[in-house]
Asker: 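One structure follows; several queries about it will come next.
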Protein chains: 2
Amino acid sequence: MSIRKRTTIQDIAKALNTTISTVSRALQDHPRISVAMREKVKKYAEEHDYQPDFRAASLRKGLANTIGVLVPRIDIHFFARVLRGIDEVASEKNYNVLISQSYDSLSKEINLIKNLTYGKIDGLIASISIETKNGNHFEPLLKKGIPLVLFDKIIESLNVSKVIIDDRQGAYMAVKHLIENGCKRIGHFAGPQYLNIYRYRTQGYIDALKDHGMEIDESIIFQNMLEQQKGYELMDQLHKMENPPDAICSANDFAVIGAIIRARELGIKVPDDIAFTGFANEPMDAIFEPAVSSVEQSPISMGQESARLLIEQMENKNIEYKPRTIVLMPSLVVRKSSLKSG
Amino acid sequence: MSIRKRTTIQDIAKALNTTISTVSRALQDHPRISVAMREKVKKYAEEHDYQPDFRAASLRKGLANTIGVLVPRIDIHFFARVLRGIDEVASEKNYNVLISQSYDSLSKEINLIKNLTYGKIDGLIASISIETKNGNHFEPLLKKGIPLVLFDKIIESLNVSKVIIDDRQGAYMAVKHLIENGCKRIGHFAGPQYLNIYRYRTQGYIDALKDHGMEIDESIIFQNMLEQQKGYELMDQLHKMENPPDAICSANDFAVIGAIIRARELGIKVPDDIAFTGFANEPMDAIFEPAVSSVEQSPISMGQESARLLIEQMENKNIEYKPRTIVLMPSLVVRKSSLKSG
DNA sequence: GAAAATTGCGCAAACCTTTGCATGATTTAA
DNA sequence: TTAAATCATGCAAAGGTTTGCGCAATTTTC
């Protein structure tokens with residue numbers, strides 16, 4: 001397998017007895033190049049499978065033709081789906097996608113942003129890590145004029161475009177649904193309140209209760225319930241309560257799964273003794289027994305919208321750009337876990 | 001928010017009244033630069049948050065410091081985990097990771113490879129699409145001397161490094177386990193046989209039966225059973241058989257889930273009437289009821305090994321490189337779905 | 001104390017492309 | 001027929017780095 005030296009635009013020029021500028025223009029279908037020359041160049045390029053050097057072109061043009069994406073981790077289903085949405089829009093417009101994972105670590109996030117700052121990307125789509133509490137580390141990016149779009153986990157104070165779902169409404173719908181199905185005492189699994197998404201979900205839970213004339217009982221609002229294990233352990237606690245909730249509106253799905261598994265072991269019936277709604281509509285929700293009702297976030301749309309917003313901004317860099325916020329509507333997928341038989 | 005023009009190496013040189021070569025060397029800790037100068041340069045660079053232009057450096061050095069990864073889709077848990085393994089090794093060695101998804105389409109795969117060919121990556125780690133039946137489209141890459149490592153879904157005829165698990169052994173272990181648990185008539189959910197992984201899984205199934213003196217019955221080997229829906233539908237068929245299998249060794253998890261859901265509906269008891277083992281150890285396996293026994297593929301190790309192999313090859317480009325194949329050992333995670341009570 | 005080695009820095013080429021401007025040839029307009 | 005417009009191509013700069021080589025100044029060696 002002999003390694004061929006790569007063909008450059010110069011090789012083509014030399015072989016065809018012309019200049020690199022003509023070759024470059026021919027390849028770009030520049031109108032001032034004769035059809036004959038254009039064909040000749042393209043034919044030669046094809047035959048010697050010429051590929052333009054991305055870096056040289058990018059350097060000269062000042063554009064990398066690449067969108068950066070920064071997410072906590074791609075093996076979370078939600079982010080994988082968002083990424084898919086981004087990829088769909090990006091590849092249609094011939095942008096590459098460069099993915100970085102913060103693994104929910106702020107220091108990694110900071111390094112990654114630094115690393116991306118020059119030449120690699122023309123714009124960034126990001127969802128912040130769970131440790132991130134302000135947007136200082138995004139400033140260098142912004143100062144250098146690299147467009148930024150935040151989605152899902154955002155920094156509200158940062159004056160950039162954002163794509164979010166109406167988390168408050170999502171939780172509100174879930175609670176309303178539980179009430180309509182006869183639940184009288186609805187508890188809540190909350191996430192860290194400094195993150196916009198969890199704050200709004202909790203708010204939606206509270207608003208829904210209030211709007212339906214139900215009281216807010218702090219003792220059945222449980223903080224930091226993001227993992228299956230937490231849900232599992234909490235179920236024991238619920239089991240021992242004198243006046244346990246008959247339903248839980250959770251800010252995520254994993255804690256629900258854990259809680260139901262423990263409920264099963266303890267002989268507590270779901271949904272009749274205690275009903276559940278989750279958040280995110282993880283794939284496992286549908287195959288779990290009982291299937292888990294959950295708020296669908298339309299991650300693919302979220303990715304698509306983010307990419308569109310970013311590309312719009314990238315392609316209008318000269319013009320003064322006003323950041324926009326897109327709020328997507330969630331929907332509630334009702335399954336067995338929230339449907340009391342009584 | 002004023003957009004600052006970027007700081008370049010030239011700006012630093014001018015400001016410090018020296019030349020770009022000195023600045024460049026100072027930043028790289030070149031031994032021939034005085035400590036004083038080095039400090040001065042670094043201080044200025046820091047203060048003006050200078051970031052080297054990736055493209056210019058890459059162009060000059062002929063290295064992109066980037067590893068390409070080509071997978072069918074990243075929202076499949078297995079690939080997301082592999083990617084994580086790759087990312088761990090890559091980022092430790094300061095490589096970027098550029099991810100492309102073929103969406104299991106051969107034509108997309110071909111285009112993506114073309115697109116990656118120049119300047120974007122120094123090496124590629126790939127798992128082929130389900131449509132891919134030969135490696136012709138990888139040839140241009142190889143001819144240009146870009147190292148390639150294939151993992152999981154590979155092209156055996158291609159003379160490149162590979163990382164796979166012993167799929168045959170995985171299925172063998174599953175069948176052996178079923179036999180030891182009293183299963184007498186074990187069927188098989190197979191995948192497309194032109195893909196190495198499914199071919200070997202089927203082989204392992206057959207070998208295990210033979211080694212235990214059991215006969216091979218083609219009528220309970222079911223082809224193309226990769227999706228939940230397929231499993232769901234097939235359960236009806238099994239239900240109607242005069243002499244149905246009392247166990248299934250499946251080449252993937254989704255069909256198992258589908259089959260069990262339908263079994264539940266039909267009143268067929270799992271595992272007592274029919275036991276199941278899956279393949280891939282998807283996260284849902286653990287929370288499903290009954291929990292699904294499955295072959296664990298150690299995707300993270302697979303990613304790590306692939307990255308190591310690739311980097312080794314990239315960093316020894318001058319030396320004649322002999323492709324290597326790493327075969328990882330799978331393990332069987334035993335859960336309820338395969339443990340008959342009788 | 002002279003030759004040799006080392007130190008610290010600068011010059012300029014190279015990596016490959018894109019593109020504003022110039023130029024000579026051909027066609028069009030008047 | 002001549003000036004003007006158009007066409008097809010070429011020249012050279014620019015984008016930001018890295019690096020081989022050269023050259024003084026300084027230090028080491030014997």
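This is a predicted model, so every value here is computed, not measured. Protein chains get the first letters and strands the later ones, always in sequence-line order, with residue 1 at the start of each. Basis for what follows: all heavy atoms, side chains included, without hydrogens, waters or symmetry-related copies.
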Asker: Can you check the A/K61 NZ to C/dT19 C1' distance for me, whole Å?
Answerer: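 Value for this atom pair: 12 Å.
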Asker: Expressed as a whole number of angstroms, how long is the span from B/D11:CG to D/dT17:P?
Answerer: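 Those two atoms, CG and P, are 9 Å apart.
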Asker: Expressed in angstrom and rounded to an integer, what is the separation of B/K14 atom NZ from C/dG10 atom P?
Answerer: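 It is 15 Å, rounded to the nearest whole Å.
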Asker: Measure from the side-chain heavy atoms of B/T22 and tell me the nearest of D/dG10, C/dC9, D/dT19.
Answerer: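 Looking only at heavy atoms from C-beta outward on B/T22, the closest nucleotide is C/dC9.
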Asker: Please state how far atom CD1 in B/I20 lies from atom C1' in C/dA14, giving the value in whole angstrom units.
Answerer: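 Distance, rounded to whole Å: 12 Å.
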Asker: Using a 4.0 Å heavy-atom cut-off across all strands, classify B/Q10 as base, sugar-phosphate, or nothing.
Answerer: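 Answer is base: heavy atoms of B/Q10 come under 4.0 Å of a base.
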Asker: List the residues meeting ring-ring contact (aromatic ring centres under 6.0 Å, His included) with A/Y44, not counting sequence neighbours, and say none if there are none.
Answerer: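 A/Y44 satisfies ring-ring contact (aromatic ring centres under 6.0 Å, His included) with A/H48 once adjacent residues are dropped.
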Asker: State which of C/dT17, D/dC11, C/dA13 makes the closest approach to the side chain of B/R60.
Answerer: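 My answer, after comparing the listed nucleotides, is C/dA13.
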Asker: What is the distance, rounded to the nearest whole Å, between atom CG of B/L63 and atom C1' of D/dT19?
Answerer: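 Those two atoms, CG and C1', are 14 Å apart.
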Asker: Using OP1 and OP2 only, check whether a side-chain N or O of B/Q51 sits under 4.0 Å from D/dG16.
Answerer: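 So the side chain of B/Q51 is outside the cut-off, no N or O lying under 4.0 Å from OP1 or OP2 of D/dG16.
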Asker: Is the backbone N or O of B/L83 less than 3.5 Å from a side-chain atom of B/D87, with the two atoms forming a donor-acceptor pair by type?
Answerer: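 No, B/D87 side chain to B/L83 backbone: no donor-acceptor pair under 3.5 Å.
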Asker: Would you say C/dC16 has OP1 or OP2 under 4.0 Å from some side-chain N or O of A/Y50?
Answerer: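 It does not, given that no N or O in the side chain of A/Y50 lies less than 4.0 Å from OP1 or OP2 of C/dC16.
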Asker: CZ of B/R38 versus C1' of C/dG8: gap in Å, rounded?
Answerer: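 Rounding to the nearest Å, CZ of B/R38 and C1' of C/dG8 are 12 Å apart.
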Asker: For the pair B/S306 (side chain) and B/M302 (backbone), establish whether a donor and an acceptor sit closer than 3.5 Å, ignoring hydrogens and angles.
Answerer: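 Checked: pair present.
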Asker: Could you tell me whether the phosphate oxygens of D/dG10, OP1 or OP2, come under 4.0 Å of any side-chain nitrogen or oxygen in A/T18?
Answerer: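 It does, given that an N or O in the side chain of A/T18 lies less than 4.0 Å from OP1 or OP2 of D/dG10.
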Asker: Stepwise, does the side-chain contact (heavy atoms from CB on, under 4.5 Å) test hold for A/Q304 with A/I86?
Answerer: CA-CA 5 Å; A/Q304 292 171 334; A/I86 293 173; over 6 Å; no
Asker: Given D/dG16, D/dT9, C/dC16, which nucleotide is nearest the side-chain atoms of A/L59?
Answerer: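 Among the listed nucleotides, the one closest to the side chain of A/L59 is D/dG16.
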Asker: Output the single nucleotide from C/dC11, D/dC11, D/dT17 whose closest atom is nearest the side chain of A/R25.
Answerer: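 Selected nucleotide (nearest to the side chain): D/dC11.
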Asker: Would one find a side-chain N or O of B/S24 under 4.0 angstrom from OP1 or OP2 of D/dT18?
Answerer: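 For B/S24, the contact criterion (side-chain N or O under 4.0 Å from OP1 or OP2 of D/dT18) is met.
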Asker: Does a nitrogen or oxygen in the side chain of B/S34 sit under 4.0 Å from OP1 or OP2 of C/dC9?
Answerer: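 So the side chain of B/S34 is within the cut-off, an N or O lying under 4.0 Å from OP1 or OP2 of C/dC9.
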Asker: Would you mind reading off the distance between A/Q28 atom CD and C/dT17 atom C1', rounded to a whole angstrom?
Answerer: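 In whole Å, C/dT17 C1' and A/Q28 CD are 9 Å from each other.
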Asker: Figure out the CZ/C1' separation between A/R32 and C/dT27, and round it to whole Å.
Answerer: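 So the CZ-C1' distance, A/R32 to C/dT27, works out to 13 Å.
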Asker: Please compare A/N17 and A/A56 by the position of their nearest nucleotide in DNA chain D and report the one closer to 5'.
Answerer: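 Result of the comparison: A/N17.
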Asker: So, does B/Y194 use its side chain to make a donor-acceptor pair with the main chain of B/I130 at under 3.5 Å?
Answerer: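 Yes, because the side chain of B/Y194 sits within donor-acceptor range (under 3.5 Å) of the backbone of B/I130.
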Asker: A/A57 side chain: which of C/dT19, C/dT17, C/dC9 is closest?
Answerer: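 Output: C/dT17.
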Asker: Of all the nucleotides listed (D/dA13, D/dC11, C/dA12), which has the minimum atom distance to the side chain of B/S21?
Answerer: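 The answer is C/dA12.
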Asker: Parallel, tilted or perpendicular for B/F151 and B/F78, by the 30°/60° rule?
Answerer: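 Because their plane-to-plane angle lies in the 30° to 60° range, the rings of B/F151 and B/F78 count as tilted.
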